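The structure appears below as structure tokens.
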Amino acid sequence: MTRCIHCGAAIQPNTKFCPSCGKSQQAAPNQANPALGGGATTILHSSMAFLEVQETGQAPRQIPLANQPVTFGRKPDNDIIASSRFVSSNHARIEPDGQRHVIIDLGSTNGLLFQSQRVPRHSFNDGDSVRIGDPVTGNFVTLTYRNQKVATPPAEAGHVSRFDLSNKPAVTIGREGSALNLPNPQVSRNHAEIRAIQGGHEVRDLGSTNGTFVNGNRITTTRLNRGDVIQIGPFKLVYDGTSLDQFDQRGALRIDAHSLVRLVGGNRVILNNVSLVIEPREFIALVGGSGAGKSTLMGALSGYNRANKGAVLVNGDDYYANFDAYRAILGYVPQDDILHSSLPVDVALRYTAKLRLPADTASSEIEARIDRVLKDVEMSAHRGKQVNQLSGGQRKRVSISSELLADPSLFFLDEPTSGLDPGLEKKMMYTLRQLADSGRTIVLVTHATANITQCDHVVFMADGRMVWFGPPSEALTFFNVTSGDFADIYTKLEGDADPNHPLTTTELKQEFETWRQHNNQVRQAPRLSELWEIRFRNSEAYRKYVWERLQRAPQVPVMTPPQAPIPQAAVPGAYPNQVSVSIPTSAAPAGRPKPPPVSAMRQFGIMTRRYLRLIAADKRNLGILLLQAPIIGMILLLVAKEDAFRRPNSADARMVPFLLGAIAVWFGILNSAREITKEGPIYRRERLANLKIVPYLGSKVLVLAGLCLIQSIILMVILGTKVDFDLGLEVPFGVWGGFLVTTFLTSLTGLGVGLLISASASSSDKAMSIIPFALIPQIVFALALLPLPAALAPVSFLVGSRWAMQAYGSIGGLGEPFDPGKCRAGQIPSPSTCEVFPTVGYDDSAGYIFLTWFILIGYTMACLAITAWLLKRRDKEA
Ligand SMILES: Nc1ncnc2c1ncn2[C@@H]1O[C@H](COP(=O)(O)OP(=O)(O)OP(=O)(O)O)[C@@H](O)[C@H]1O
């Protein structure tokens with residue numbers, strides 16, 4: 001019988017891990033002696049109390065805490081000496097307090113932060129971290145307390161209270177002023193109601209914005225059974241027949257990822273059996289080289305781009321299957337800015353709040369929320385500034401604040417530090433650290449490794465494989481990087497592990513042998529990432545940070561566990577199996593989730609108001625658009641003859657409507673061609689949250705149609721000052737009115753074409769370069785002045801200006817472009833012209849004129865339908 005080298009428990013000889021404390025029996029490499037003031041790391045006995053001191057850029061130190069008070073500060077006479085400038089000379093004292101310890105601020109400048117709040121003292125529980133931060137530089141010192149004797153019982157986490165339902169005919173649930181208050185921005189004021197019915201209770205949703213879910217299903221009314229779990233925003237209410245147990249998941253959200261696999265193109269594996277656990281309030285960085293699979297993993301964890309195989313659990317619930325129930329508490333900040341740059345910060349945030357928060361959120365509540373989120377990201381001073389006047393780092397903060405409006409508990413960020421200078425990058429990480437401390441689970445993708453020591457854990461990805469999950473400082477030891485530079489890890493992960501590779505023959509020799517044993521038939525060399533994965537699966541870190549964490553049960557009641565069996569993560573030491581390409585494990589389909597049901601009318605109203613504001617804010621562009629009509633109208637006057645319509649068979653008569661039609665289409669296209677593409681990142685983010693396509697597109701059409709109408713009126717008024725429209729013809733709205741209607745409807749066809757271009761182009765520049773392709777056919781195929789080869793005649797039916805010409809010609813009583821009689825007599829030189837122009841027939845009957853208008857409207861509708869389809873298709877894009 002031998003003894004565990006950590007806890008002293010009796011164990012079998014040659015046992016790899018102690019069954020009592022779970023620790024490896026192999027001495028960890030590179031461990032130094034305990035040192036109070038030095039920079040070395042040591043592993044202390046698990047039954048001891050100790051303080052782990054982590055200063056930015058230094059290895060963590062573990063300081064045993066005994067029954068004597070110890071002092072902490074920058075001066076050399078302290079027991080624990082910190083080197084950071086922002087730690088006061090005599091900063092804090094740590095005293096024993098029964099089985100635990102308490103830390104007391106000694107009047108320091110920067111104080112002690114617990115869960116991102118400044119505290120004068122804090123009584124430690126096992127795992128508590130107190131930080132001392134420097135808001136100017138973003139540096140901080142973390143003091144983490146370890147003491148198994150004062151570990152928080154897991155069953156208690158998140159449990160708030162019990163609400164008795166007996167003798168109550170009806171209980172309302174809402175954000176405030178209800179019998180059962182669930183204070184959170186995602187909860188409507190009157191959200192749901194529990195009613196006593198024969199033999200039990202039923203729950204009814206009161207038209208809430210974010211929905212009431214029972215066992216994962218969105219309900220309107222349903223009878224409750226014992227054990228049912230109601231989810232409203234971040235709260236879970238467990239029904240036991242007579243009462244509701246209330247659990248608050250804010251600050252208590254845990255993600256379990258089990259054997260995640262993402263396949264593309266049939267069988268290309270871009271995420272290879274990744275398993276991990278992210279605990280509440282943890283701050284996790286996903287790092288690795290370009291194309292390593294970071295974004296793929298984040299997509300799978302956030303549910304925005306799901307894995308094909310494996311399962312993601314949030315507090316034990318099948319996350320993909322319950323995505324709608326959790327959507328409200330999910331924050332996602334993409335790489336691009338997600339607020340309109342021409343709006344002031346507070347205005348942009350107000351629109352986001354209106355779009356995301358329950359419909360009954362009062363203006364005062366929205367203002368309070370905006371104050372709060374700007375304070376959280378230290379941007380209160382910039383509240384009234386226009387977004388495009390902010391620096392890159394400030395814009396990122398504002399994007400983060402817009403996500404914070406809904407108070408998400410799960411927060412995913414895609415490269416929030418990209419494009420920032422090193423100072424701003426550090427500050428950004430500091431802000432995120434504080435957001436995690438204040439109760440959020442934060443996962444970010446980053447290329448910036450300089451500040452990842454601020455994270456609790458870091459995931460190193462390579463070739464879709466997870467080659468490390470654990471504290472950043474231990475990663476350096478794991479990869480044998482002595483420079484302290486995380487970037488050196490990258491170079492060790494890249495490339496093929498052929499037998500002569502320097503790593504294959506030294507550090508990874510054993511792993512290469514293992515690989516060879518399992519792949520003796522395969523001649524091709526593995527990737528280095530595969531060997532690092534083998535090493536990681538064999539490590540103590542894998543056991544401690546992946547395996548053991550996966551074995552722990554969720555700390556709150558489970559709403560709907562996965563229906564299919566959860567794939568087991570590889571046990572420590574197991575050889576990483578190749579992914580087998582088979583059916584998905586989760587009940588929900590892979591890829592993008594569906595948008596939730598929300599009120600389309602309300603969204604239409606908000607989007608329209610915001611769009612109007614955006615157009616008005618861009619005064620230069622608006623000025624150009626409004627000046628176009630009078631200037632072009634004046635130019636038109638130069639060529640338009642006063643008596644043009646008095647000579648209905650003349651080219652002059654056809655010239656005016658031909659130019660009017662072309663200009664109208666031009667206006668429509670120019671007004672709209674950049675309008676979707678220029679706000680692509682914002683659209684994508686809002687779409688992922690709750691934006692519907694029809695209200696979005698509808699708001700664009702309504703506002704731009706208004707602009708087209710103004711332009712059409714200006715154009716016609718100017719034209720009316722010269723050209724005589726008083727022809728005495730009996731047509732709908734008179735000749736001038738009929739021309740105005742036609743011009744407006746023609747500009748709408750341009751609007752439809754412009755939006756279609758905007759939805760299909762990947763950038764504003766590309767959209768502008770497509771415009772000529774849309775405009776030139778409008779001139780060539782109008783069939784007004786230019787003859788057309790007979791074979792191309794059917795194409796003209798697909799061009800808006802041709803139908804505009806039909807309408808103008810009919811309203812103005814024009815003669816056909818070419819006289820059929822002259823054609824028959826062979827007096828027209830081009831025979832093909834005679835074949836085409838007879839398809840143009842003008843008819844001044846009201847029925848025919850309405851028909852041409854109807855065709856113009858139909859044309860616009862067809863363009864909009866294709867635009868909507870293109871937008872819908874974009875949902876599937878990764
Ligand atoms: N939908 C897809 N279809 C095909 N291949 C894909 C798809 N999505 C990602 N990939 C590929 O999967 C690999 C991982 O991509 P991912 O975007 O996750 O990498 P990353 O680590 O985030 O890279 P980067 O840092 O460059 O953004 C890449 O080789 C990428 O080309």
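The first residue in the sequence is number 1, and the count goes up from there. Scope of the values below: all heavy atoms of this structure, side chains included, with no hydrogens, waters or symmetry mates. Owing to the predicted nature of the structure, the values given are computational and were not obtained by experimental measurement. Both counts, for ligands and for their atoms, begin at 1 and track the order of listing.
- When Q335, K294, R262 are checked for heavy-atom proximity to atom 21 (O) of ligand 1, K294 turns out nearest.
- Aromatic pair F479/F460: ring centres closer than 6.0 Å.
- When the ring pair (Phe, Tyr, Trp, His ring centres under 6.0 Å) test is applied to Y319, the partners found at least two apart in sequence or on another chain are F323.
- If you number the atoms of ligand 1 from 1 as listed, the ones under 4.0 Å from a heavy atom of T296 come out as 14 (C), 15 (O), 16 (P), 18 (O).
- Ligand 1 has H447 within reach: a non-hydrogen atom of the residue lies less than 4.0 Å from it.
- For G464, the closest heavy-atom approach to ligand 1 does not fall below 4.0 Å.
- A search for ring pair (Phe, Tyr, Trp, His ring centres under 6.0 Å) contacts involving Y351 returns nothing, not counting sequence neighbours.
- In this structure, G288 falls outside the shell of residues with a heavy atom less than 4.0 angstrom from ligand 1.
- When all heavy atoms of V467 and E533 are compared, the pair lying nearest together is CG1-N, 3.9 Å.
- Residue contacts with ligand 1, taken as heavy atom pairs separated by less than 4.0 Å, involve V264 solely via side-chain atoms from C-beta onward.
- Annotation: I270 places no N or O atom under 3.5 Å from an N or O atom of ligand 1; distance criterion only.
- Ring planes of F536 and W468: tilted class, angle from 30 to 60°.
- Between E415 and ligand 1, not a single N/O pair is under 3.5 Å apart.
- Taking a 4.0 Å cut-off on heavy atoms, R268 registers as neighbouring ligand 1.
- Ion pairing between R131 and D437 holds under the 4.0 Å rule for side-chain N and carboxylate O.
- Aromatic ring pairs are classed by plane angle as parallel below 30°, tilted from 30° to 60° and perpendicular above 60°; the pair Y332 and Y304 is perpendicular.
- In the candidate list A292, G291, S290, G291 is nearest to atom 28 (C) of ligand 1, counting heavy atoms.
- Considering all non-hydrogen atoms of both residues, H501 and D496 come closest at CD2-O, 3.5 Å.
- The ligand atoms of ligand 1 that sit less than 4.0 angstrom from a heavy atom of G289 are 21 (O).
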